[in-house]
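Numbered from 1 within each chain, the chains take letters A, B, ... in sequence-line order.
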There are 2 protein chains.
Amino acid sequence: MPSSRDKKRAAEETANRLRDAILRGVYPAGSDLPGERELSTRLGISRLTLRAALARLEAEGLVRPVHGSGNRVLDFQDTGGVELLGHLLAIANSGEEVRGRKDAGLTLLANLLELRRFAAVEAVGFAAERATPEEIATLRAHVEHQALLLSQPEAYVRADLHFARLLTRMTHNFALVLLANTIIRVLEAQPGVALTFFLDPPGTITVYRRMVDLIESHDAQAARAFTRRLIGAFDRGLLSRLATLTSVAPPPLPPSHDDALLESPHLVSQDAPLPKTTKEVP
Amino acid sequence: MPSSRDKKRAAEETANRLRDAILRGVYPAGSDLPGERELSTRLGISRLTLRAALARLEAEGLVRPVHGSGNRVLDFQDTGGVELLGHLLAIANSGEEVRGRKDAGLTLLANLLELRRFAAVEAVGFAAERATPEEIATLRAHVEHQALLLSQPEAYVRADLHFARLLTRMTHNFALVLLANTIIRVLEAQPGVALTFFLDPPGTITVYRRMVDLIESHDAQAARAFTRRLIGAFDRGLLSRLATLTSVAPPPLPPSHDDALLESPHLVSQDAPLPKTTKEVP
DNA sequence: TACCACTCACTGGTCATACCAGTTCTCGAG
DNA sequence: CTCGAGAACTGGTATGACCAGTGAGTGGTA
């Protein structure tokens, strides 16, 4: 059973392949990609299609073309955009390593949840301060709509993402809206990744209902506190359950995930601070 | 005096022109761009170059090509990514309207500052919890380096952005790192926009020094509180000064900016919530 | 008259080839 | 050994052709 649609545009497919290769470290940062002519023939596409794919990667901050020299591979830890998150998670969840780290999957998910958490806290807070009655009514209606989709995972995820969209709009902060757009777009493009977010849909709906109530009360303080507490507990539960699942599941993941992750998610990214990692003395 | 370098790649130049046109509403959301063949000849470039530009816009969520139909213009309020912020600010700052709103400039800046503010609060908090001594030393050294660049605006801005980069890394949250990368990349591409952020460099340096101290103390609570308070005051001052400047400066901006902006920045964006506005019976 | 299926003139997607414009490295002149 | 001219790369753009979806107009049918 093929995991993705086979009928995609060649350029997009090529972009995905190259992106994966770069994120997996096949083409190390600082090096040059093979020449466009060679690479295109190797991939079985025309140079033009290759260039379309490269344009995409350039926009994502993975590659910088240098006229006369080559397509330089950038260090995505320095220049990669948020839109990489979905791809990174997809790679990590497939049991692969990301730049030599096997525990990247859960760590990355913990990072993302942490970002989601405090972004949501602020969004709910601002919404409580600024949302109009019409917006609140719309959001409430949407939550009830979403509650009817519990049995349809894909539709449910879409609805959940739309909840985030609506909530973000209610902050009346356009920068936040654009930020949410970016993240939502990534998750929509990676349905599998988005699904891992939602192990407890009924609980989510309950939380959402209460959130709307708090927003309607215009008590930003309480709204923030509630969101922080509830989503925090939710994420903790989700991560611990996922850690259990993955340590039992077939993928080649050694039992190296303990709950320490939940307290202080780490992802070493020391290109500048700590160049050498040869010795590790616990 | 030309505002930008004339020697740029045609594709990039084209992408900028098209992006501006879309953001200004020349091509309304939902409509189709002119055919690629016509558009390319009209712009005086080859279709190939045009397509390279379109690929960029597609990655930014501004356009979705529909095979056999046309290049559909999307509503960037629904699908636009964060990378649009810089361009939007540039347009708004040039005195132009953005989608019919004249006060977009200051409002947008206020939005962005708000985002920056609470992101910084969390970043400093997490950094206080997780930063290593080496990272703290590096950051401290960088602040002193930045302090020497007060007389060189461009280098100073670059250094300031790098401060943000270093600080974000210290959170050990890769999602935050990528998010910062995206925003920093935008600001680096729009030097003029970035400059408006920094009307008081010496004050910034002072704040940064204290921030590093608080991070080193590993008192996340205090670090967050300080950051929230200081950056808040800083942003308020910056906005009020900018409001004064623009209401006096030559650009065709009517005196419609009052300090109410600072309290509750608004940007109406009701495309989805109210499909039909013909009848409204409460 | 109303409706449905087909056709064809669009659209974007891909390709092959050629040439321009930078960069890098080699190799010979000094 | 140093250095500079040029050859041999690299990416950037242009042209023209063809493939592949889309959608509206057309014609026929019920």
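- Judged as a side-chain hydrogen bond (donor to acceptor under 3.5 Å, both in side chains), and not counting sequence neighbours, Thr79(B) has no contacts.
- One atom, CZ of Arg72(B), and another, P of dC10(C), lie 18 Å apart when rounded to the nearest Å.
- Taking only side-chain nitrogens and oxygens, Asn71(A) comes nearer than 4.0 Å to OP1 or OP2 of dG11(D).
- When rounded to the nearest whole Å, the span between CG of Leu54(A) and C1' of dT13(D) equals 15 Å.
- Applying the 4.0 Å criterion to OP1 and OP2 of dG12(D), one finds that Arg51(A) has a side-chain N or O inside that range.
- Listed by chain and number, the residues in a side-chain hydrogen bond (donor to acceptor under 3.5 Å, both in side chains) with Arg185(B) amount to none (sequence neighbours excluded).
- With sequence neighbours left out, Arg47(A) forms a side-chain hydrogen bond (donor to acceptor under 3.5 Å, both in side chains) with Glu36(A).
- Residues from residues 36-43 of chain B with heavy atoms under 4.0 angstrom of DNA chain C, sorted by number: Glu36(B), Arg37(B).
- For the ring-ring contact (aromatic ring centres under 6.0 Å, His included) test, residues two or more places apart in sequence or in another chain that qualify with His162(B) are His142(B).
- For the salt bridge (Lys or Arg N to Asp or Glu O under 4.0 Å) condition, the pairs that include at least one residue of residues 141-156 of chain B, sequence neighbours left out, are Glu144(B)-Arg209(B).
- Under the side chain to side chain contact (heavy atoms under 4.5 Å, CB included) criterion, Ala137(A) pairs with no residue, sequence neighbours left out.
- Judged by distance alone, the side chain of Asn181(A) and the main-chain N or O of Gly81(B) form no donor-acceptor pair under 3.5 Å.
- For Arg72(B), the side chain to side chain contact (heavy atoms under 4.5 Å, CB included) test picks out Asp32(B), Val66(B), Ser69(B), with sequence neighbours left out.
- For the side chain to side chain contact (heavy atoms under 4.5 Å, CB included) test, residues two or more places apart in sequence or in another chain that qualify with Gln190(A) are His87(A), Ala90(A), Val193(A).
- Side-chain atoms of His67(A) and base atoms of dG22(C) include no donor and acceptor less than 3.5 Å apart.
- Contacts between residues 55-66 of chain A and DNA chain D, counted as heavy-atom distances below 4.0 Å, involve Pro65(A), Val66(A).
- At a cut-off of 3.5 Å, with distance as the only test, no side-chain donor of Thr171(B) or Thr168(B) sits close to an acceptor on the other residue.
- Remark: Leu85(B) pairs with Ala175(A), Leu178(A), Val82(B), Leu112(B) by the side chain to side chain contact (heavy atoms under 4.5 Å, CB included) rule, at least two apart or across chains.
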I'd like a table of atom pairs between the protein and nucleotides 15-17 of chain C - only N or O on both sides, under 3.5 Å - with the distance next to each one.
unit_1	atom_1	unit_2	atom_2	d
dC15(C)	OP2	Ser46(A)	N	3.2
dC15(C)	OP2	Ser46(A)	OG	3.1
dC15(C)	OP2	Thr49(A)	OG1	2.2

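- With rounding to whole Å, Asp32(B) atom CG is found 11 Å from dT22(D) atom C1'.
- Taking atom CD of residue Glu12(B) and atom C1' of nucleotide dT13(D), one finds them 15 Å apart after rounding to whole Å.
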